Amino acid sequence: MLEKVQEDRLKKLQAIRDLGYDPYGGRYGTAEPIEAVLKKFDPARAEAHGDKQPDYQRADAAGRVILLRDMGKMIFAHIRDQSGQMQICLRKDQPGKPPAGLVEKPWALAKLLDLGDIVAVKGVLAKTRTGEITIFADDFTLLCKSLLPMPEKYHGLTDIELRSRQRYLDLMANPDSMRIFQKRVAIIEHFRGLLKGRGFVEVETPMLQSVYGGAAARPFTTHHNALDIDLFMRISPELSLKRLLVGGMEKVFEINRNFRNEGISPRHNPEFTMMELYQAYADYEVMMEITEELVYSSAKNISLPYLLDLYEKQEEAEEKLREDKKDTEKSEHKDISQQKWQKHLKEHEDAYTLAETPIYNIEMLSDIYEASKENKTKLPFVGERLIDYTRPWPRKTYLELMQEYAGVDMRDEAAVAIKAKELGLYASGKAHALLVNNIFEMKVEPELAKMDRPVFVKDYPAELCPLTRRKADDPSIALRFECYIAGMEVANAYTELNDPAIQEENFNGQLAGEKEGETMRVMDEDFVTALRHGMPPAGGLGIGIDRVVMLLTNTASIRDVILFPLLRPEEK
RNA sequence: GAGGGAGUAGCUCAGUAGGUAGAGCAAUGCACUUUUAAUGCAUAGGUCCUGGGUUCGAGCCCCAGCUCCCUCACCA
């Protein structure tokens, strides 16, 4: 079947060459973005006035053919470029009947058109009988012939695996997917802009390391042939970035990949993008402000305007529907009302299909709209859940949360042991801090997942945080926070530990009952040496970019926000 | 790693109690110079994930395996 399609298309390829055209085109520098073409359309200039022919505007656009309706001597098609999509009309020229169409050879070329081809047209801009802005072409260029069929025009591609594996088809067939990746770019650019504005500089540190550290995860290993050494792919840039603080770079950040040899899930990809930053003379309180600003302003400037725009479109459609209904109620002919309904559906198709998708329905959008009037930034996470990003976000200490949801004082070793036994988490000889952590995961995290606001969880048990400074008046507490949004850990930050003696001790220590791979205690001698030279007190912050993108684009799977997520290779 | 669901035409999906495999889109041909998920008529397209088994007969039942999705565990 596929072979047959290819054969047919190869025949067309030859036919195109026989006509004297190059099926793979060449430079085409004059096309305007489709969005701009649609915007510049002036209805007044498309209409004839008096005896005169209309003073048509001209337009020039290029894109991929995504819909094709061949009516014999007239072809309607929709083409899509990066900015949008629009209708073009290719007609056989009729002398004496303006506007001009295509003469012999270009018309023959047009008749060889297939879905998926990339084309350019020049012509006049006018509305069709049904009111769609269209370029009526008098010049037609084939820029690239496609040899394989496009995905189904209405449903697109749905299978996550196929969409990831052949992302080009996903992007070509699913505008929602394209939108997600465009928003991803916008969010990252926005982060960069804000950080630059705060005086941070962007640096790149090694991905290949002979000692890994900065997180609790198993690394990927690899080998350098010329030096004949084994290397690790980094699990975090933390220790490199802190060396830069020692060297005198006071505000640094890096947005780049980390690699962790762990399981894959809808929230985990083995390589993922992390924004990590360090600011000298700051602490974790400053990091909270930065986290709030980065995420909140991304939500407000990138996601929210788009959602409010969707809402307005839907409102408009609903309003129009009410008017149409009034009209048709007066009318006596039912078939007319049918026609009007069909026409209405077509005109507002975007809004209706949107309302039908589980991602954005009208009720959810209306909630967002209402909240925006009170100056609240509410955005959906995974389906219909709304999260309120309005600042400041609540701050809760680990101690409070343990008290509130687990009903235990985490400082009381005996009480913790009893609670752990109660929950079936106890193992003899397991360190107190690990028991606390296990109870937290079991009793507190599910509660955090229910909250409709981002939450800062702060002041962790010190044993769990070997790279974090301890509280001056209570060395059992580490000055660390994690930010949970809808149950996902989105940010992690510390007031950085800059005491080389404690750091060395922490690298050497190992908590009783810790499994292999659970520890972030891998000795990095040179890092301790760096600290001995003196690192300014500092705050450090890491934000998982993929997860922020998931939250701000209402995407449930991390594989839908990473262009090429890791997949098992296809077997032939 | 454990549990649940799925795999049928290029894509989106039906499929009866076990009886020779279906639709829409895409493709091919014909008609149509204002269509818009164009329409009408006709044609072609399948190792029903793989391998075994039960049966006169398996897309369907049984066993094993592969892959994907979801949940949990590890983690961000």
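Just so you know, these numbers come straight off a predicted model, no measurement behind them. In the text below, chain A, chain B and the rest are named by the order of the sequence lines, each starting its count at 1.
For the C1' atom pair drawn from B:rC32 and B:rC13, the interatomic distance equals 31 Å after rounding to whole Å. For the P atoms, the distance from B:rU47 to B:rA21 is 13 Å, rounded to whole Å. Here the separation of B:rU67 from B:rU50, taken at their P atoms, is 15 Å to the nearest Å. When the C1' atom is used for both B:rG65 and B:rG7, the distance is 14 Å, rounded to whole Å. The separation of B:rG22 from B:rC48, taken at their P atoms, amounts to 14 Å, rounded to a whole angstrom.
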What are the atom names and distances for every N/O pair under 3.5 Å that joins the protein to nucleotides 11-14 of chain B?
unit_1	atom_1	unit_2	atom_2	d
B:rC11	O2'	A:Glu152	N	3.3
B:rC11	O2'	A:Gly156	O	3.2
B:rU12	OP1	A:Thr158	N	3.3
B:rU12	OP1	A:Thr158	OG1	3.4

So which protein N/O to nucleotides 38-41 of chain B N/O distances come out below 3.5 Å?
unit_1	atom_1	unit_2	atom_2	d
B:rA38	OP1	A:Lys153	NZ	2.3
B:rA38	OP2	A:Arg69	NH1	2.6

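Not a single salt bridge (charged side-chain N to carboxylate O under 4.0 Å, His left out) links A:Glu445 to another residue, sequence neighbours left out. In this view, A:Phe481 and A:Phe456 satisfy the ring pair (Phe, Tyr, Trp, His ring centres under 6.0 Å) rule, not counting sequence neighbours. Listed by chain and number, the residues in a salt bridge (charged side-chain N to carboxylate O under 4.0 Å, His left out) with A:Arg80 amount to none (sequence neighbours excluded). With sequence neighbours left out, the salt bridge (charged side-chain N to carboxylate O under 4.0 Å, His left out) criterion links A:Asp138 to A:Arg58. With sequence neighbours excluded, the residues that form a salt bridge (charged side-chain N to carboxylate O under 4.0 Å, His left out) with A:Asp524 are A:Arg243. Residues satisfying the ring pair (Phe, Tyr, Trp, His ring centres under 6.0 Å) criterion with A:Tyr398, sequence neighbours excluded, are A:Phe440, A:Tyr460.
Pairs engaging residues 103-113 of chain A under the side-chain hydrogen bond (donor to acceptor under 3.5 Å, both in side chains) rule: A:Asp70-A:Lys111 [sequence neighbours left out].
A salt bridge links A:Glu292 with A:Arg395: at least one charged nitrogen is closer than 4.0 Å to a carboxylate oxygen.
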